[in-house]
Amino acid sequence: MATALAVSPNRTELMKLRKRLGLAQRGHDLLKEKMDALVIEFFEAFRKIQASRTKALEQLSTAHRALSNCFAVMGTLETVQATRETKRELQIEISSRYLMGISIPAVEFGEVQRNALTRGYSLHMTSSVLDEAAREFERALGLLVELAETEAAAFAIARELEKTKRRVNALEYILIPRLKGALKFIMMRLDEMERENFTRLKRIKAIIEEHR
Amino acid sequence: MSFKIAVIGDKDTTTGMALAGATYAHVHAAKDETLAKLNEFLTSDEIGLIFVTHRVAEELVFEFRQMMRTKRLLPLVLRIPDKTGYVPKVDELQETIKRTVGAEIVVKKDGE
């Protein structure tokens, strides 16, 4: 499978190849360690996701129920009208942190929950079920933002894991066997040359003795 | 940096999220329109987080996946269930890991 590299069989080449093989092996070990660390990180992230996902999704379905209730009590058009009046300027802070050389988003947000007065819709035109729905959705949004953060991190780790795995495999199954093959080839060739030389010398010695 | 939130989904989801303070919302109707909108959201420097309902994401399958692969670090994109609580059976994260590690991850509850 591993086709040998095209090398000329001499000692310099042999030394060069040995150096390359050493480097490749060291790189392989390092990458393998990185991969193990990434797997551990991924486990951590995955566990976090599972915990926050169930919580967030439950909250979201509660919010949807509250909203349906609101549609029923206030009417669809009125609810939509109220959303038009709502202040929609929730801000989240996103920075990035580094984990094993991958940049991972870190999300921070202030208070998602607002009270009925700061939401912006007019109070005397709307029902309390709208407040309820808005409150539930704010709560859900907060949880979802957290979930988004962990999920983005997990995806980033997974992508990096894929890349690292590919590199490890390339080294392990392609480059290192090829280098080893080339090394073997050179060594055999050098041995062969030595044997040839030996017989040649023997032969010359015999000829010289004959002529004496 | 401060960022805003965008939502793409059905009427209920966008309404609810708007109530909660999400700045941009798009109600999915036609595929082309939604794609254009999604592209706009993705290239905007103002938006840090986009919620897309699973149903919409599934309708845009190929293009959506393509966009996810080529997008920058920000905005983050999170797929959420819609009113009916619809979540696809196949977990994409689970799939990626199965492909790379060659094993599925099952998280056990504490004490098991």
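Every value quoted in this text rests on a predicted model; they were computed, and no experiment measured them. All chains are named by letter (A, B, ...) in the order of the sequence lines, taking the proteins before the strands, and each is independently numbered beginning at 1.
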#### Entry: chain A contact via B:T14 - side chain, backbone, both or neither, heavy atoms under 4.5 Å
neither
### Message
Is A:I104 in contact with chain B via its backbone, its side chain, both, or neither, using a 4.5 Å heavy-atom distance?
### Response
neither
#### Entry: Which residues share a side-chain hydrogen bond (donor to acceptor under 3.5 Å, both in side chains) with A:N197, sequence neighbours left out
A:R200
### A:E151 side, atom CD; B:L78 side, atom CG - distance, nearest 0.5 Å
5.0 Å
### Task
Report the residue from A:L141, A:V107, A:V145 that forms a side-chain contact (heavy atoms from CB on, under 4.5 Å) with B:L49.
A:V145
### Message
Please check if the number of heavy atoms outside A:E194 that lie under 6.0 Å from its CD is greater than 12.
### Response
no
### Query
What residues, two or more places apart in sequence or in another chain, satisfy side-chain hydrogen bond (donor to acceptor under 3.5 Å, both in side chains) together with A:T164?
none
### Query
Where on A:L67 is there a heavy atom nearer than 4.5 Å to chain B: the side chain, the backbone, both, or neither?
side chain
### Query
How would you list, by chain and number, every residue that makes a side-chain hydrogen bond (donor to acceptor under 3.5 Å, both in side chains) with A:E172, sequence neighbours excluded?
A:H28
## Note on the structure
Nearest heavy-atom approach of A:A152 to B:L76 is CB-CD2, 3.7 Å
### Message
Would you say CZ of A:R11 has more than 12 non-hydrogen atoms from neighbouring residues, nucleotides or ligands within 6.0 angstrom?
### Response
no
### Message
If I compare all heavy atoms of B:D12 with all of A:F137, which pair ends up nearest, and what's the gap?
### Response
O-CZ, 4.5 Å
### Query
Hey, which of A:S68, A:A140, A:S103, A:A156 has the most heavy atom pairs under 4.5 Å with chain B?
A:S103
### Message
Give the interface residues of residues 54-66 of chain A toward chain B, defined by a heavy-atom separation under 4.5 Å.
### Response
A:L57, A:L60, A:H64
